[in-house]
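See below for the structure under consideration.
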Protein chains: 2
Amino acid sequence: MNNKIPDLTHIRELGFRVTPQRRFILNALAKQDGHTTATDIYQIAQKEMPTLNQATIYRVLDFFCGLNLVTRSDIGGRVVYEFAPDTPHHHLICRHCEQVTVLDDAHFEDLAAHLLAEHGFKADFNHLAIYGVCAHCWDKSM
Amino acid sequence: MNNKIPDLTHIRELGFRVTPQRRFILNALAKQDGHTTATDIYQIAQKEMPTLNQATIYRVLDFFCGLNLVTRSDIGGRVVYEFAPDTPHHHLICRHCEQVTVLDDAHFEDLAAHLLAEHGFKADFNHLAIYGVCAHCWDKSM
DNA sequence: TATGCTATTGCAAAAATTTGCAACAAATCT
DNA sequence: AGATTTGTTGCAAATTTTTGCAATAGCATA
Ligand SMILES: [Mn+2]
Ligand SMILES: [Mn+2]
Ligand SMILES: [Zn+2]
Ligand SMILES: [Zn+2]
């Protein structure tokens with residue numbers, strides 16, 4: 001469970017506006033503790049904020065992704081959103097059993113340093129979905 | 001330009017079937033030399049294979065992705081497909097100027113080795129989209 | 001608190017993607 | 001070549017996601 005109440009006020013300084021819709025969606029994401037689809041949000045909204053339009057949900061989710069407040073990724077064929085935690089994480093996804101495990105961001109520090117040094121690219125590895133074969137499935141296939 | 005004619009016969013040994021639709025779609029992908037959307041394929045098909053159904057295109061693209069014959073990724077908000085080359089590559093995408101550059105797979109060898117050793121996970125980093133800020137935009141923002 | 005600017009929303013229509021099912025056809029075996 | 005099996009396709013309907021535009025509402029300023 002994630003109780004952190006997201007700080008929306010700072011987006012005002014960026015020239016954007018704090019709206020009830022944005023507050024609702026970000027809070028909804030923060031309350032969920034895993035990956036959430038746009039449809040999930042819409043269904044929650046049906047009860048708690050029935051006037052909230054679907055198009056707005058997609059636009060706001062996209063808006064938050066642009067600010068790195070939310071991550072968006074394609075996991076197991078579904079597009080999922082997640083409130084971006086202080087400590088970034090990623091996922092290992094097995095192509096066989098579809099199992100999804102968490103991978104700490106620390107594993108990407110070396111690569112990030114290299115990309116910055118060699119390519120001048122300041123990468124933020126935000127919520128990557130890495131596909132492959134897990135240990136269990138690999139054993140079975142041998 | 002990619003002239004390689006994909007070998008579809010081996011999928012027969014996997015229990016799948018070689019159909020004109022699959023041949024057409026894989027060839028169409030191989031002929032394009034960049035990222036291609038499902039709609040691109042559909043429009044090509046309108047001329048060369050008008051009976052090819054949209055649903056089939058999505059199913060076949062998904063089928064090829066499952067076999068790692070094709071990569072699928074979300075780049076700049078668009079879902080793009082690409083005939084999987086012998087030498088895997090990835091992309092660095094700037095959040096500011098949206099510029100997309102190519103990153104060789106060699107950069108992921110160390111990480112892959114680590115994941116295999118530490119997590120028993122045999123990762124195939126196929127066509128990752130890495131977001132961040134390019135050198136040019138980073139300079140401007142300082 | 002009232003005013004003005006314009007970012008954002010709701011709405012409806014368009015576009016993209018998925019799904020169930022019956023008809024079809026690729027592969028295998030007589 | 002004909003029969004059989006069952007993986008695939010086309011079709012149409014259901015979902016999901018995007019887009020243009022007029023109306024709305026943040027919020028800065030006075
Ligand atoms: Mn996650
Ligand atoms: Mn590519
Ligand atoms: Zn597995
Ligand atoms: Zn840039």
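Being a predicted model, the structure only gives us computed values, none of them experimental. Lettering of chains follows the sequences in order, A, B, ..., and the numbering in each one begins at 1. In what follows, every heavy atom counts, from backbone to side chain, and hydrogens, waters and symmetry copies are set aside.
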Residues touching DNA chain D, which here means a heavy atom under 4.0 Å, drawn from residues 37-47 of chain A
A38(A), T39(A)
Would you find more than 12 non-hydrogen atoms of other residues, nucleotides or ligands less than 6.0 Å from N53(B) atom CG?
yes
[X], nearest nucleotide to its side chain (from [options]):
| X | options | answer |
| --- | --- | --- |
| V18(B) | dT9(D), dA27(C), dG20(D) | dA27(C) |
| Y58(A) | dT16(D), dA26(C), dA16(C) | dT16(D) |
| F16(B) | dT9(D), dT8(D), dT17(C) | dT8(D) |

Are OP1 or OP2 of dT6(D) and a side-chain N or O of R17(B) less than 4.0 angstrom apart?
no
Whether the side chain of [X] and the base of [N] hold a donor-acceptor pair under 3.5 Å is what I'd like checked.
| X | N | answer |
| --- | --- | --- |
| R22(B) | dG7(D) | no |
| R23(A) | dG26(D) | no |
| R12(B) | dG7(D) | no |

Comparing nearest nucleotides in DNA chain D, the 5'-proximal residue of the pair G77(B), I11(B) is I11(B)
Rounding to the nearest 10°, end axes of the helix from dT1(C)-dA30(D) to dT30(C)-dA1(D) built from five pairs each make an angle of 40°
Go through the steps to decide whether V70(A) and E82(A) satisfy the test side-chain contact (heavy atoms from CB on, under 4.5 Å), and finish with yes or no.
CA-CA 6 Å; V70(A) 167; E82(A) 186 174 13; 5.9 Å; no
